[in-house]
There are 2 protein chains.
Amino acid sequence: MQRMTRQRSAVTDALDGLEDFRSAQQMHELLRERGEGVGLATVYRTLQSLADDGAVDVLRTADGESVYRKCARTGHHHHLVCRGCGRTAEIEGPGVEAWAAQVGAAHGFDAIEHTVELTGLCGECRTPER
Amino acid sequence: MQRMTRQRSAVTDALDGLEDFRSAQQMHELLRERGEGVGLATVYRTLQSLADDGAVDVLRTADGESVYRKCARTGHHHHLVCRGCGRTAEIEGPGVEAWAAQVGAAHGFDAIEHTVELTGLCGECRTPER
DNA sequence: TTATCTGCAAACATTTTGCAGCGAG
DNA sequence: CTCGCTGCAAAATGTTTGCAGATAA
């Protein structure tokens with residue numbers, strides 16, 4: 001069904017080494033830096049096929065980019081990203097999972113998935129020149 | 001600050017008459033059908049400025065379009081979107097806001113903003129042919 | 001061998017922007 | 001009268017696709 005090509009394993013390997021979401025373009029650049037040249041179109045095609053297989057999670061950012069992350073079925077968690085420096089902290093939402101399922105059920109929805117992303121300013125970025 | 005032009009009121013009037021999300025392009029076409037010609041760029045600019053003012057909610061569809069709806073509820077709230085038919089329900093997260101702020105503070109982050117989107121399958125989409 | 005994958009560049013879709021002219025205040 | 005707003009078309013952005021050649025099986 002799917003051939004195991006150099007490019008495809010390069011993409012999946014890169015994904016395995018990452019914990020958070022990356023855009024297709026970021027993946028493309030990352031692979032380029034590693035010396036594993038992969039065409040941008042191939043990155044898109046590969047990520048898309050992985051997403052179709054449910055091997056990665058896809059998410060759309062506020063500015064219209066698709067971001068991908070290896071599907072960590074176990075140990076779901078969320079991120080807290082600094083708007084200033086991009087630093088990220090991993091967090092776990094004890095109540096959020098339950099809240100999502102409950103709210104969904106209350107509206108007659110099933111198979112609930114949730115996206116929770118937090119952004120803020122970390123200690124170092126909180127007091128810039130202002 | 002903002003001038004009340006024919007185009008701007010055409011857009012806000014159209015929004016007032018709608019209950020659900022529409023894309024900028026749909027709004028553009030709707031206005032055209034009404035005979036109230038408004039340039040596509042103006043529709044984008046107007047919707048964007050309304051969004052900045054918090055007068056409309058913005059949401060990105062799975063295929064990358066931005067959709068807008070008049071902000072019914074005052075104050076911050078979230079959405080539950082059906083992956084099958086796109087139907088949306090407004091929800092409020094009593095605990096989520098507090099949880100976000102608290103988690104942020106625990107990591108030394110300030111000025112927390114959060115993105116929470118829930119997707120699921122609504123009652124009618126739950127049992128398709130698959 | 002051969003059907004699939006890849007790379008490139010051109011095509012696409014959505015959104016943004018530059019600029020001259022219009023018009024609200 | 002003055003700026004901000006508008007419309008148009010061109011540009012930018014992110015993603016998809018056609019096709020010839022490479023390649024896994």
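Everything numeric here is computed off the predicted structure, so don't read it as measured data. All heavy atoms count here, side chains included; hydrogens, waters and symmetry mates do not. Chain identifiers are assigned alphabetically (A, B, ...) following the order of the sequence lines, protein sequences preceding nucleic acid strands; residue numbering begins at 1 within each chain.
What you find for Ser9(A) and Met4(A) is that their closest heavy atoms are CB-SD, 3.7 Å. Taking each heavy atom of Val38(A) and Val43(A) in turn, the nearest pair found is CG1-CG2, 3.8 Å. The two residues Val58(A) and Ser66(A) make their nearest non-hydrogen contact at CG1-CB, 4.3 Å. For the pair Met27(B) and Val11(B), the tightest heavy-atom approach, listed with the atom from each and the gap, is CE-O, 4.0 Å.
Separating the CE atom of Met4(B) from the C1' atom of dC3(D) is a distance of 17 Å, rounded to the nearest angstrom. At whole-Å resolution of the value, CG in Leu47(B) and P in dC5(D) are 15 Å apart. To the nearest angstrom, P of dG21(C) lies 17 Å from CZ of Arg3(B). Atoms CD (Gln26(A)) and C1' (dT15(D)) sit 15 Å apart, rounded to a whole Å. At whole-Å resolution of the value, CE in Met27(A) and C1' in dT15(D) are 16 Å apart. Residue Leu50(B) contributes atom CG, which lies 12 Å from atom P of dC5(D) at whole-angstrom precision.
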Check nucleotides 10-12 of chain D against the protein and report each pair of N or O atoms closer than 3.5 Å, with its distance, or say if there are none.
none

Can you give me the N/O atom pairs linking the protein to nucleotides 7-9 of chain D at distances under 3.5 Å, or say none if there are none?
{"residue": "dG7(D)", "atom": "OP1", "partner": "Gln7(B)", "partner atom": "NE2", "Å": "3.1"}
{"residue": "dG7(D)", "atom": "OP2", "partner": "Gly39(B)", "partner atom": "N", "Å": "2.8"}
{"residue": "dG7(D)", "atom": "OP2", "partner": "Thr42(B)", "partner atom": "OG1", "Å": "2.6"}
{"residue": "dG7(D)", "atom": "N7", "partner": "Arg45(B)", "partner atom": "NH2", "Å": "2.8"}
{"residue": "dG7(D)", "atom": "O6", "partner": "Arg45(B)", "partner atom": "NH2", "Å": "3.2"}

Apply side chain to side chain contact (heavy atoms under 4.5 Å, CB included) to Gln25(B) and Glu65(B), showing your working.
CA-CA 9 Å; Gln25(B) 319 238 15; Glu65(B) 263 185 306; 4.2 Å; yes
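For Ser49(B) and Arg8(B), the side-chain atoms include at least one donor-acceptor pair closer than 3.5 Å. Checked by atom type, the side-chain pair Tyr68(B)/Gln48(B) shows no donor-acceptor distance below 3.5 Å.
In this structure, the nucleotide among dT15(C), dT15(D), dC5(C) sitting nearest to the side chain of Gln25(A) is dT15(D). Listed candidates were dG14(D), dT14(C), dC5(C). Nearest to the side chain of Glu65(B) is dT14(C). Here dC5(D) is the nucleotide among dC5(D), dT6(C), dT16(C) with the atom lying nearest to any side-chain atom of Thr5(B).
Between Ser23(A) and dG14(D) there is no side-chain N or O to OP1 or OP2 distance below 4.0 Å. Taking 4.0 angstrom as the limit, Tyr44(A) places a side-chain polar atom (N or O) nearer than this to OP1 or OP2 of dT15(D). Contact between the side-chain N/O atoms of Gln2(A) and the OP1/OP2 oxygens of dC5(C) is found at a separation under 4.0 Å. The phosphate of dT15(D) (OP1 or OP2) has no side-chain N or O of Gln48(A) nearer than 4.0 angstrom.
Between Leu15(B) and Arg22(B) there is no side-chain heavy-atom pair separated by less than 4.5 Å.
Around atom CD of Gln2(B), more than 12 heavy atoms belonging to other residues, nucleotides or ligands sit under 6.0 Å away.
Summary of the strand contacts: Tyr68(B) and Thr46(A) both lie near DNA chain C, and taking for each the nucleotide with the nearest heavy atom, the more 5' one is attributed to Thr46(A).
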